[in-house]
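Contents: one structure, followed by commentary.
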Amino acid sequence: MDRTAVADVTPSGAFARKESTFRNSFDVHGPHPPERDRYVLVVSLACPWACRALSVLHLKGLENVFKVVVTHPVWARTRPEDANDAHCGWVFVKPGESIANPAGVGHFVADGRCSSSAPEDAKFVRDLYELCGAPKEQRFTVPLIWDTKARTIVNNESSEIIREMNTNFNAFSSSPERAALDLYPEALRERIDDINGWVYHRVNNGVYKCGFAVTQEAYDQAVKDLFEALDDINSILSESRYLCGDVFTEADVRLWQTLIRFDEVYVVYFKTNKKFIHQYEHISGYVRELWQMPELRAATNMDHIKTHYFASHPSLNAHAIIPIGPDVNLDAPHGREGDYPRK
Ligand SMILES: N[C@@H](CCC(=O)N[C@@H](CS)C(=O)NCC(=O)O)C(=O)O
C-alpha cells in the first residue's frame, strides 16, 4: 500500500492524513474561470470525500457544467510493469471489463456507472497527478477537478470544491432555485465552521483513524473519540432537524457521507462496532431523510462503496470477502418533519 493513505501512520501507530496540494479557486478573473464544457470532476462513488462533491454538483444543478468521470471501485497496481513500484490506486476501467484487486484476488467487473474514458486518456488517477507535476508527498486522491484547457488539476480538496460549486457556478445552474440554494449561508458560517471542524476530526476522518490504526492504543483512542462525537451529534439532532438548525447546509452533506457508509462498511471493516447508526434514536431518522433526498441518493452507490473498501486493501482484508447486510431499510419514513425542539 505504498504511497497511499493506508501507509500514512505516525510512529505511535495512529493514522495521519496528508494535506491536499491543489487548492485553486474558480475565480472569474483567475486562470480557471467558471465555464461550461471545460472542467471534469473525477470521483470514485465509494469515496466519501468525492461523494460530497458529487452531491453538491446535483444539489446546485451543475450536471451540464462538469463532466463527471467515475473510477472503478477497486484499487489496482498502477505500475504493474515495475517490480519496484508497488503503488496501488484508482483505475479507469471500461464498463464490462474486469480487474483483480491489488493482491491479484477476485474478478471485479466495471459496471455501467464506471466511465469509459478519462481526461488525457489516463489509465489511472495517478497519471493525471504526474502529468501536472504533483509534489511527491501528494497522494493520488479523488475527488479532483481537471481543467481540460489548462491540462492541470485545479483543486483536489473536497471541502473547497463544494464551496466553489456553491458560489462560483450559479450562472450555469439548471434552475433559478438551484442557483439560489446556499449551502454556506452567511448567517450560519460560524456555526457551520465550528461543526465541520470537529466532525472532520472525530467522525469523517475519525472512522479512518479507527480503521487504519496499527496499534491497540491508537485504535482505542480513535474509537472513544468517534463514539463520543456520535453521542454529541445524536443530542444535536434531538433538538434540531439538521446540524445547524432548520436549514440544510454543507455541514449535513459532509457528515452524511460518513454516516451512510457506517453500518454497511465501517462497523465491520474499521471495527467501529460499539453501536450501529440505525440504533441511534435521532441520527437514524436523519440518515433516512437525507438518503431520501434525490440529489444525495444520486451520488450514492452502495455496490461501489462495499466493493471498494472490502476489496482494495489486501493488508486489511486478504481474501476480499464482501460481508452481507445489515441492509437497513433507508426508505422507511424518517419522521424528521415538524417543529424543533420537539414538544
Ligand atoms: N482531503 C481530501 C481527501 C481525499 C481522499 O483521501 N480520498 C481517498 C479516497 S476515499 C483517496 O483517493 N485515496 C487514495 C490514496 O490514499 O492513495 C479531500 O477531502 O478531498
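What you see below is based on every heavy atom in this structure, not just the backbone, and it leaves out hydrogens, waters and symmetry mates. Since we're looking at a predicted model, the values are computed, not measured. First listed ligand is number 1; within each ligand, the first listed atom is number 1.
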Fill in the blank from the handout: Any heavy atom of Trp75 under 4.0 Å from ligand 1? The part involved is side chain
Problem - Plane angle bin for Trp256 and Trp291 - parallel if under 30°, tilted between 30 and 60°, otherwise perpendicular - result: parallel
Exercise for the section: May I ask you to decide if the ring planes of Phe172 and Phe169 are parallel, tilted or perpendicular, using 30° and 60° as cut-offs? Expected result: tilted
[X] neighbourhood, listing ligand 1 atoms whose heavy-atom distance to it stays under 4.0 Å:
{"X": "Ser20", "answer": "1 (N), 2 (C)"}
{"X": "Tyr208", "answer": "10 (S)"}
{"X": "Phe140", "answer": "14 (C)"}
{"X": "Asn156", "answer": "20 (O)"}
{"X": "Ser158", "answer": "18 (C), 19 (O), 20 (O)"}

Salt bridge between [X] and [Y], side-chain N to carboxylate O under 4.0 Å?
{"X": "Asp331", "Y": "Arg297", "result": "yes"}
{"X": "Glu130", "Y": "Arg79", "result": "yes"}
{"X": "Asp327", "Y": "Lys306", "result": "no"}
{"X": "Arg202", "Y": "Asp232", "result": "yes"}

Where is the nearest protein heavy atom to [atom]: which residue, which atom, and how far?
{"atom": "atom 6 (O) of ligand 1", "result": "Arg17 NH1, 2.7 Å"}
{"atom": "atom 5 (C) of ligand 1", "result": "Trp49 CD1, 3.5 Å"}
{"atom": "atom 13 (N) of ligand 1", "result": "Thr141 CG2, 3.7 Å"}
{"atom": "atom 7 (N) of ligand 1", "result": "Val142 O, 3.0 Å"}
{"atom": "atom 16 (O) of ligand 1", "result": "Ala5 N, 2.7 Å"}
{"atom": "atom 1 (N) of ligand 1", "result": "Glu157 OE1, 2.8 Å"}

Handout entry: Shortest heavy-atom approach to atom 9 (C) of ligand 1 - which of Cys88, Cys47, Pro143, Ser44
Key = Cys47
Practice task
Mark the output for Gly89 as yes if a heavy-atom distance to ligand 1 is under 4.0 Å, and as no if none is.
Solution key: no
Practice task
Taking Arg336 for its side chain and Leu237 for its backbone only, find out whether a donor-acceptor pair lies under 3.5 Å.
Solution key: yes
Handout entry: Between Tyr242 and Glu289: side-chain donor-acceptor atoms closer than 3.5 Å
Key = yes
Fill in the blank from the handout: Which of Trp90, Phe124, Phe310 passes ring pair (Phe, Tyr, Trp, His ring centres under 6.0 Å) with Trp75? Answer is Trp90
Problem - Contact (N/O only, under 3.5 Å) between Arg139 and ligand 1 - result: no
Exercise for the section: Report yes if Trp90 has an N/O atom closer than 3.5 Å to an N/O atom of ligand 1; otherwise report no. Expected result: yes
Problem - Aromatic Phe227 / basic Lys275 pairing, under 6.0 angstrom, 45° off normal - result: no
